[in-house]
Amino acid sequence: MTEIRSVGVIGAGQMGNGIAHVAALAGLSVALLDVKAEALEKALATVARNMDRQVAKGGLSGADKDAALGRIRTGTEMSLFSDCDIVIEAATEKEELKLSLFRSVCPVLKPAAILASNTSSIPITRLAAATDRPERVIGMHFMNPVPVMKLVEIIRGIATSDETFEAVAALAATLGKTTAVAQDYPAFIVNRILVPMINEAVQALQEGVGDVRSIDAAMRLGANHPMGPLQLGDFIGLDTCLAIMRVLHEGMGDSKYRPSPLLVKYVEAGWLGRKAGRGFYDYSQDPPKPTR
Ligand code: NAD
C-alpha cells in the first residue's frame with residue numbers, strides 16, 4: 001500500500017489551512033498552494049493562531065507547534081507538488097475550476113501520487129475523468145473546522161482502486177479522523193442531508209415564518225442542534241451552500257432541491273457569511289447581529 005508521508009493542498013482558504021494544520025501536526029510534510037499569495041500568508045497566520053490555542057489548552061507543546069509549522073511549505077506554482085504522495089484539492093467549489101486544477105496538476109505529480117478532492121458536492125468520477133489516473137482519484141471530504149471535527153467522508157469514484165481507498169483511509173486515521181464511506185452521488189452523505197435543511201431555513205426566513213434569531217433558536221433549543229441553521233450556513237459559507245444546492249438540484253433533477261431565492265440574493269450581494277464579515281449575521285458587531 002502507498003504510504004503517505006508528504007501531502008499537497010490546493011487552496012489555502014478555511015478548509016485548506018485546516019487540512020495543512022492537521023497534516024503538519026501528524027508529522028507529515030505539507031505543501032500548500034494558492035493562486036493568491038495573500039491567501040497563503042493569511043493561512044499560515046491562521047494555522048499558527050489555531051495551534052497557539054491548542055498550546056494554551058495544554059494539548060500541544062510549543063516545540064511541537066514550531067516543528068509542525070516548519071513542515072509547511074507554501075507556493076503558487078504546481079511544481080510545489082512534485083514530491084507529494086497525495087494532493088488534496090480544497091479550492092473554491094466551482095466545477096470548471098476543479099476540472100482545470102485536476103488537469104494541470106497531473107503533469108507534475110509522481111506516477112503513484114493520489115489526487116483527492118475536498119469537494120462538498122461535485123462528482124468524483126467526473127473529476128477523475130479529467131486526469132491521467134482515475135484509479136488514483138478519490139473524495140476526501142473534511143468537515144469545518146478541520147482541526148476540531150472528527151469526520152472525514154471518503155468518496156470512491158467509479159474507477160477508484162482499492163489500493164487508493166486503503167491508502168486514504170490510513171491517512172485519515174493518521175490525521176486522527178474517523179471515516180464514513182459514501183458512494184459518488186450528488187453531495188454524498190453529510191451535505192445531502194445538511195444543506196437542504198439550511199436551504200429550508202433560508203426559505204422559511206424568506207417567507208417570514210420566523211426571523212433569523214427565531215429560526216436559529218428554534219433549531220438550537222427545539223432540535224438540540226449545537227448551532228442554528230442560518231448561523232451554520234454563515235459558518236460554511238453561503239456561496240458553498242448555494243453551490244451544493246445547485247449540484248443537488250441538477251444532479252437529482254428534483255425540484256425539492258431548488259435553491260432558496262433569498263440564498264441566491266445573499267450570495268449575489270457578496271454576503272457570503274462569516275468569511276465575508278456578513279451573511280445572515282453581521283460579524284462586525286459583537287455578538288454578531290442578525291441581518292433580518
Ligand atoms: P474558501 O473560499 O475559504 O477557500 C478557497 C481558496 O481557494 C481561496 O483561498 C482561493 O484563493 C483558492 N483558490 C481559488 N482558485 C484557485 C486556484 N486556481 N488555485 C489555487 N487556489 C485557488 O473556501 P473553503 O470553505 O475553504 O472551501 C474549499 C473547498 O472545501 C470547497 O470545495 C468546499 O466545497 C469544500 N468544503 C468546505 C467546507 C466548509 O464548511 N467551508 C466543508 C467541507 C468542504
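Note that ligands are numbered from 1 as they come in the structure, with each ligand's atoms numbered from 1 the same way. Along the sequence shown, the residues carry numbers beginning at 1.
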Going by the atom numbers of ligand 1, which of them fall below 4.0 Å from some non-hydrogen atom of [X]?
X    : result
N144 : 39 (C), 40 (O), 41 (N)
L97  : 15 (N), 18 (N)
I236 : 39 (C), 40 (O), 41 (N)
K275 : 2 (O)
F142 : 42 (C), 43 (C), 44 (C)
T119 : 32 (O)
K98  : 31 (C), 32 (O)
H141 : 43 (C), 44 (C)

Candidate with minimal heavy-atom separation from atom 7 (O) of ligand 1, of A91, G237, A39: A91
Aromatic F165 / basic R156 pairing, under 6.0 angstrom, 45° off normal: yes
So which of D216, T291, D234 actually passes side chain to side chain donor-acceptor pair (under 3.5 Å) with Y281? D216
Please determine which of R126, E95, E89, E93 meets the side chain to side chain donor-acceptor pair (under 3.5 Å) test together with T119. E93
Hey, what do you get for CD1 (I88) to NE2 (H141), rounding to the nearest 0.5 Å? 12.5 Å
Hey, what do you get for NZ (K256) to CG (L248), rounding to the nearest 0.5 Å? 9.5 Å
Return each pair, listed once, that meets side-chain hydrogen bond (donor to acceptor under 3.5 Å, both in side chains) where at least one residue sits in residues 45-60; pairs must be two or more places apart or across chains. H21-Q54, D52-K65
Looking just at side-chain N and O atoms, do S121 and N191 make a donor-acceptor pair shorter than 3.5 Å? no
Tell me which protein heavy atom sits closest to [atom], plus the residue, atom name and distance to 0.1 Å.
atom                    : result
atom 30 (O) of ligand 1 : N118 ND2, 3.0 Å
atom 32 (O) of ligand 1 : E93 OE1, 2.5 Å
atom 24 (P) of ligand 1 : M15 CG, 3.8 Å
atom 36 (N) of ligand 1 : S120 OG, 3.2 Å
atom 14 (C) of ligand 1 : T92 OG1, 3.3 Å
atom 25 (O) of ligand 1 : Q14 NE2, 3.2 Å
atom 22 (C) of ligand 1 : V35 CG2, 3.6 Å
atom 8 (C) of ligand 1  : D34 OD2, 3.5 Å

Side-chain donor/acceptor of T164 to backbone N/O of E135, under 3.5 Å: yes
I would like to know whether L32 and L40 meet side chain to side chain contact (heavy atoms under 4.5 Å, CB included); could you show each step before the answer? CA-CA 8 Å; L32 179 62; L40 291 168; 4.0 Å; yes
Can V7 be reached from V105 by stepping across I, L, V, M, F, W or Y side chains whose heavy atoms are under 4.5 Å apart? no
Is the closest basic N to carboxylate O distance between K42 and D34 below 4.0 Å? no
Within reach of ligand 1, part of D239 (heavy-atom separation under 4.0 Å): neither
Logged contact type for I10 with ligand 1, heavy-atom cut-off 4.0 Å, is side chain
Test side chain to side chain contact (heavy atoms under 4.5 Å, CB included) applied to I114 and D85, step by step: CA-CA 6 Å; I114 294 173; D85 300 316; over 6 Å; no
